Amino acid sequence: DQAKPPFEHLDIPEVIPPKGVGENSLERALHIFFAVQYDGGRPSSVVYAGMRSLFQEHTATDVFGKDKKAFWELLETYMGREGIGRPIAMLWRNIEQLREVGDPRELFTTTKPNEIIDVARGLDGYSWGKAALLVKNYVKLGWIDVDNPQALPIKVDRHATRIFHGYGA
């Protein structure tokens, strides 16, 4: 019997699905993929709510079918214009890579924790922390298998670290 991941019991906002989107749908996988990449320097509640709205109103086929300008405009509509250039540029490069496999979950063909993290880190704009967050969510939802879930790193953001060390939020 395989041990459950340490985050199995947590209720985390990034895995709240868009309304009307299937539990294991491509749109839900992309919702998390996009939101994790966008999550940085912005309130998480805004990021995940914006991405939920995007995938409630647009299919994966619609998103993949856009050219660069239309993709940029789509994300501006749901995420606003402030600080948008870098995340959109990285997402666009990742969309081009995803068009080859069709589904971000298909990128993970190994079950070894370090190799899974390395696959995610190979995506444009995915630092170690973003890779850990994406993988944690995909494992939590049962979309990718991992030999030893306890060996997966858990992303701890700067706010939690500052509070732990007594510096405030």
Side-chain angles (χ1 to χ4, degrees), residues 5 7 12-146 152-153 155:
F7 41 78
I12 44 182
E14 59 266 24
V15 295
I16 298 169
K19 288 182 180 130
V21 169
E23 191 71 21
N24 294 310
S25 68
L26 176 57
E27 285 76 15
R28 182 150 188 224
L30 288 171
H31 156 248
I32 294 170
F33 184 87
F34 279 37
V36 166
Q37 181 143 18
Y38 230 93
D39 190 9
R42 297 165 185 80
S44 292
S45 59
V46 171
V47 171
Y48 295 103
M51 289 302 175
R52 273 193 299 276
S53 293
L54 188 154
F55 285 103
Q56 284 169 195
E57 298 173 20
H58 296 274
T59 66
T61 303
D62 181 36
V63 173
F64 279 134
K66 300 217 178 288
D67 64 20
K68 190 173 186 176
K69 183 176 187 288
F71 182 75
W72 192 286
E73 290 168 354
L74 178 70
L75 286 175
E76 280 184 349
T77 300
Y78 290 92
M79 303 308 297
R81 296 184 63 98
E82 187 176 335
I84 199 165
R86 191 162 182 248
I88 290 181
M90 290 183 289
L91 271 171
W92 177 254
R93 288 188 291 271
N94 287 330
I95 284 289
E96 289 179 324
Q97 182 179 347
L98 288 177
R99 284 183 176 139
E100 295 174 22
V101 294
D103 187 325
R105 297 169 289 194
E106 298 297 321
L107 296 170
F108 302 98
T109 58
T110 181
T111 58
K112 296 181 173 101
N114 290 341
E115 290 177 11
I116 290 171
I117 293 294
D118 288 345
V119 167
R121 288 189 67 202
L123 295 163
D124 195 13
Y126 271 76
S127 62
W128 178 92
K130 286 185 189 280
L133 185 58
L134 178 70
V135 168
K136 179 227 4 152
N137 286 314
Y138 279 16
V139 169
K140 180 179 177 19
L141 291 165
W143 292 341
I144 57 175
D145 293 321
V146 61
L152 286 172
K155 181 181 185 298

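Only a predicted model underlies this, so the values are computations on that prediction, with no experimental measurement involved.
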message: Please report the interatomic distance CH2(Trp72) to NZ(Lys66), rounded to the nearest 0.5 Å.
response: 16.0 Å
task: Report yes if the side chains of Tyr78 and Met51 come closer than 4.5 Å at any heavy-atom pair, otherwise no.
output: no
- prompt: Can you name the nearest heavy-atom pair linking Phe33 to Pro104, along with the distance?
  reply: CD1-CB, 3.7 Å
- request: Inspect the surroundings of CG in Asp118 and state if more than 12 heavy atoms from other residues, nucleotides or ligands are less than 6.0 Å away.
  value: yes
message: Taking CG in Asp145 as the centre, count heavy atoms belonging to other residues, nucleotides or ligands within less than 6.0 Å. Is the count above 12?
response: no
- prompt: What residues, two or more places apart in sequence or in another chain, satisfy salt bridge (Lys or Arg N to Asp or Glu O under 4.0 Å) together with Glu73?
  reply: Lys69
message: Contact between Leu30 and Ser25 at the side-chain level, heavy atoms closer than 4.5 Å - yes or no?
response: no
- request: Look up atom CG in Leu54 and atom CG in Leu75, then write down how far apart they are to the nearest 0.5 Å.
  value: 6.0 Å
message: Does any part of the side chain of Glu27, heavy atoms only, come nearer than 4.5 Å to the side chain of Gln56, both counted from C-beta?
response: no
- prompt: Is the shortest heavy-atom distance from the side chain of Leu123 to the side chain of Gln37 under 4.5 Å?
  reply: no
query: Where is the tightest heavy-atom contact between Trp143 and Ala29, given as atom of each residue plus distance?
result: CZ3-CA, 3.6 Å
- prompt: Closest heavy-atom contact between Leu26 and Phe64?
  reply: CD2-CE1, 4.1 Å
statement: Between the CG atom in Asp103 and the CG atom in Asn24, the distance rounded to the nearest 0.5 Å is 10.5 Å
- request: Compare all side-chain heavy atoms of Ile32 with those of Leu133 and state whether any distance is below 4.5 angstrom.
  value: no
message: Could you report the tightest heavy-atom contact between Met79 and Val47, atom names first, then the distance?
response: CE-CA, 3.5 Å
message: Using 30° and 60° as the class boundaries, would you call the ring planes of Tyr138 and Phe108 parallel, tilted or perpendicular?
response: perpendicular
task: Measure the spacing between CD of Glu96 and CG of Asp124 and express it to the nearest 0.5 Å.
output: 10.0 Å
- prompt: Closest approach of Phe55 and Pro18, non-hydrogen atoms and distance?
  reply: CB-CG, 4.1 Å
message: What's the separation between atom CD in Gln97 and atom CG in Asn94, rounded to the nearest 0.5 Å?
response: 6.0 Å
message: So, applying side chain to side chain contact (heavy atoms under 4.5 Å, CB included) with Val146, which one of Thr110, Thr111, Val135, Ile116 is it?
response: Ile116
- prompt: For Lys68, which residues count as a salt bridge (Lys or Arg N to Asp or Glu O under 4.0 Å) partner, sequence neighbours excluded?
  reply: none
query: Would you say Ile95 and Phe34 make side-chain contact, with heavy atoms under 4.5 Å?
result: yes
Taking every non-hydrogen atom, the tightest pair across Lys130 and Gly125: CD-O, 3.5 Å
task: Enter the distance from Leu152:CG to Ile144:CD1 here, rounded to the nearest 0.5 Å.
output: 7.5 Å
task: Answer whether the closest heavy-atom distance between the side chains of His31 and Arg52 falls below 4.5 Å.
output: yes
- line: By salt bridge (Lys or Arg N to Asp or Glu O under 4.0 Å), Glu23 pairs with (sequence neighbours left out) Arg28
